Asker: 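Take this structure first; my questions come after.
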Amino acid sequence: MKIIVAGGAGYIGSHVVFELIDQGHDVTIFDDMSLGSEKNIDPRANFVKGSTMAESDLDSVCQDRFDCMLHFAAWKAAGESMTNPGKYAKNNLNGTINLINACDRYDIEYFIFSSSAAVYGMPEYLPLDEMHPLNPGNYYGATKLMVEKNLKWFSDLKGMKYASLRYFNAAGYDVQGRITGLEKNPQNLIPIIMEVACGIRNDMQVFGNDYSTEDGTGVRDYIHVNDLAVAHVNALDYLVNNKKNLLVNLGTGKGHSVRSVIEKTEEVTGKAVKFKVVDRRNGDPDTIIAISKLANDLMNWIPTHSDLDTLIRSTWQVYKEYVR
Ligand code: WQD
């Protein structure tokens, strides 16, 4: 199929582009390169530089008729969304509405959206399934939920079929080593730890060690980007074969603590990761873990690269080239 990937030069989008092309799809990357990296661009893809905020850019790229749009072009730092909600409203909401309207104007039948576990907010039970109450604790999560609601309306009113994939904590790098762009100014745990391990940062902060977890540090469900990429291909197949919308969690059902991630990184890299325990970050739950039974049942998806060792080794393969 002919597929346009908004944000296809970014961390997750680029991994999905490689998988789509591996599976025989014809892919066009649409990216403004604000966060994307040239090093992430699959040479087999078409590339069009453009912004989701510019409807003229979308009109131009969509002259090339596509069957499906995948959307990764959004800001994802939960903390920043609370201090700069305008930036998140503009990009995550206006930008996405522009994409959905372009799909309507150009008859793009399928839309796959990178949603997030952040739509759930503070867990009322664990592991989290798709029936958990939706009560995002930060504006980033709220933008993801607002987009999901818009997708439902556009599907009911205009007939588009969509998949909303609720990622838990995306991590790792392509196990084939094809993607080597570092995230710019990362806010997530593993790239921050890696920046300390290779000397880009002197040290890092551990946000609290008094959580009710085994070692007192926060526990999260880290899912490898290669596993996420396969899920997107499976989701497209589901939409085409079933003509039904899809909304699923993408996680492993296992959790790792901040301390265990630091220890695994020190073991794999042989580098010390200097950290200082500071106060908890506002809104951080003790533990977030997914149940992805629905993704397994509906689209035969099982993560196979998301063990902690592979997550850290595949990431170090990229970061070790930047050791100072
Ligand atoms: C993980 C753990 C922190 C940084 C957010 C979004 C979510 C998703 C992933 C996109 C927590 C601790 C972190 C640091 C630390 N984004 N930590 N020091 O908050 O679970 O989820 O990113 O889809 O939607 O909400 O991810 O990587 O920020 O934190 O101690 O410098 O690491 O407290 O326990 P989070 P994270």
Side-chain angles (χ1 to χ4, degrees), residues 7 10-13 15-16 35 71-82 88 91-92 113-123 126 128 134-145 147-148 164-172 183 185-197 200-225 228 231-232 249-252 255-265 273-290 306 308 311-312 315:
Y11 169 56
I12 298 176
H15 283 86
V16 178
L35 277 185
H71 174 24
F72 302 95
W75 301 114
K76 64 166 185 154
E80 183 189 39
S81 76
M82 302 297 275
Y88 282 69
N91 197 35
N92 291 19
F113 174 56
S114 55
S115 189
S116 167
V119 300
Y120 295 119
M122 207 54 89
L126 288 169
L128 293 172
L134 302 170
N135 190 15
N138 54 63
Y139 188 60
Y140 160 77
T143 65
K144 292 294 183 180
L145 185 54
V147 168
E148 287 190 356
S164 184
L165 306 180
R166 292 175 176 169
Y167 308 162
F168 279 63
N169 289 61
E183 283 190 82
N185 184 29
Q187 304 293 306
N188 292 123
L189 178 71
I190 291 179
I192 287 173
I193 292 177
M194 285 292 165
E195 288 197 351
V196 177
I200 295 174
R201 293 179 191 223
N202 293 325
D203 58 15
M204 63 168 288
Q205 297 178 316
V206 170
F207 298 140
N209 64 355
D210 59 350
Y211 287 104
S212 50
T213 60
E214 202 173 302
D215 63 21
T217 60
V219 171
R220 295 294 183 273
D221 187 336
Y222 296 96
I223 182 79
H224 196 286
V225 279
L228 286 180
H232 287 71
N249 286 344
L250 297 179
T252 69
H256 299 288
S257 71
V258 173
R259 182 176 291 278
S260 66
V261 176
I262 290 173
E263 287 167 359
K264 174 57 81 174
T265 304
V273 175
K274 201 167 153 224
F275 66 85
K276 184 168 168 245
V277 178
V278 298
D279 290 342
R280 292 182 177 196
R281 189 171 55 176
N282 275 347
D284 270 359
D286 302 53
T287 297
I288 298 182
I289 289 177
S306 296
L308 187 57
L311 287 165
I312 299 303
T315 309

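Heavy-atom basis, side chains included; hydrogens, waters and symmetry copies ignored. Both counts, for ligands and for their atoms, begin at 1 and track the order of listing. What you are looking at is a predicted structure, and each value in this text was computed from that prediction instead of being measured.
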Asker: Closer than 4.0 Å to some heavy atom of Q187 - which atoms of ligand 1 meet that?
Answerer: 28 (O)
Asker: Is the closest heavy atom of Y140 to ligand 1 under 4.0 Å?
Answerer: yes
Asker: Distance from S116 atom OG to L145 atom CG, nearest 0.5 Å?
Answerer: 10.5 Å
Asker: For V206, counting its heavy atoms only, list the atoms of ligand 1 lying under 4.0 Å from any of them.
Answerer: 30 (O)
Asker: Is there side-chain contact between Y120 and N135, with at least one heavy-atom pair below 4.5 Å?
Answerer: no
Asker: Looking only at protein heavy atoms, which one is nearest to atom 21 (O) of ligand 1, and what is the separation?
Answerer: N169 ND2, 3.7 Å
Asker: Which atoms of ligand 1 are found less than 4.0 Å from any heavy atom of A118?
Answerer: 24 (O)
Asker: Which pair of non-hydrogen atoms, one from F72 and one from G7, has the smallest distance, and what is that distance?
Answerer: CB-O, 4.0 Å
Asker: For H71 and F113, take the angle between the two ring planes, folded into 0 to 90°, and tell me which bin it lands in: parallel under 30, tilted 30 to 60, perpendicular over 60.
Answerer: tilted
Asker: With heavy atoms under 4.0 Å as the rule, classify the contact between L189 and ligand 1 as side chain, backbone, both or neither.
Answerer: both
Asker: Taking N or O atoms only and a 3.5 Å limit, does G218 qualify as a polar contact for ligand 1?
Answerer: no
Asker: Tell me which protein heavy atom sits closest to atom 12 (C) of ligand 1, plus the residue, atom name and distance to 0.1 Å.
Answerer: V258 CG2, 3.7 Å
Asker: To the nearest 0.1 Å, how far is atom 20 (O) of ligand 1 from its closest protein heavy atom, and which atom is that?
Answerer: R220 NE, 2.7 Å
Asker: Can you measure from CZ (F168) to OG1 (T252) and round to the nearest 0.5 angstrom?
Answerer: 9.5 Å
Asker: Identify which of Y211, Y167, F168, Y222 has a heavy atom lying nearest to atom 2 (C) of ligand 1.
Answerer: Y222
Asker: Return the residue, atom name and 0.1 Å-rounded distance of the protein heavy atom closest to atom 36 (P) of ligand 1.
Answerer: N188 ND2, 3.5 Å
Asker: Looking only at heavy atoms, what is the nearest atom pair of E148 and V119, with distance?
Answerer: OE2-CG1, 4.3 Å
Asker: As a check for students: among F275, F207, Y120, identify the option with a heavy atom nearest to atom 30 (O) of ligand 1.
Answerer: F207
Asker: Measure Q205 to ligand 1 on non-hydrogen atoms and call it side chain, backbone, both or neither using the 4.0 Å cut-off.
Answerer: backbone
Asker: At their closest point, which heavy atom of T315 faces which heavy atom of G172, and how far apart are they?
Answerer: OG1-CA, 3.2 Å
Asker: Would you say ligand 1 has an N or O under 3.5 Å from any N or O of S115?
Answerer: no
Asker: Which heavy-atom pair separates V273 from A197 by the least distance, and what is that distance?
Answerer: CG2-CB, 4.4 Å
Asker: Roughly how far apart are N185 CG and E80 CD, rounded to 0.5 Å?
Answerer: 8.0 Å
Asker: Of all the atoms in ligand 1, which lie at a distance below 4.0 Å from a heavy atom belonging to S116?
Answerer: 7 (C), 23 (O), 24 (O)
Asker: Consider every N or O of R281 and every N or O of ligand 1, then say whether any pair is closer than 3.5 Å.
Answerer: yes
Asker: Does any non-hydrogen side-chain atom of I193 lie less than 4.5 Å from one of I262?
Answerer: yes
Asker: Please determine which of N202, I200, I190 meets the side-chain contact (heavy atoms from CB on, under 4.5 Å) test together with E195.
Answerer: I200
Asker: Tell me which protein heavy atom sits closest to atom 33 (O) of ligand 1, plus the residue, atom name and distance to 0.1 Å.
Answerer: D284 OD2, 2.7 Å
Asker: Measure the distance from atom 25 (O) of ligand 1 to every protein heavy atom, then report the residue, atom name and distance (to 0.1 Å) of the closest one.
Answerer: A78 CB, 3.8 Å
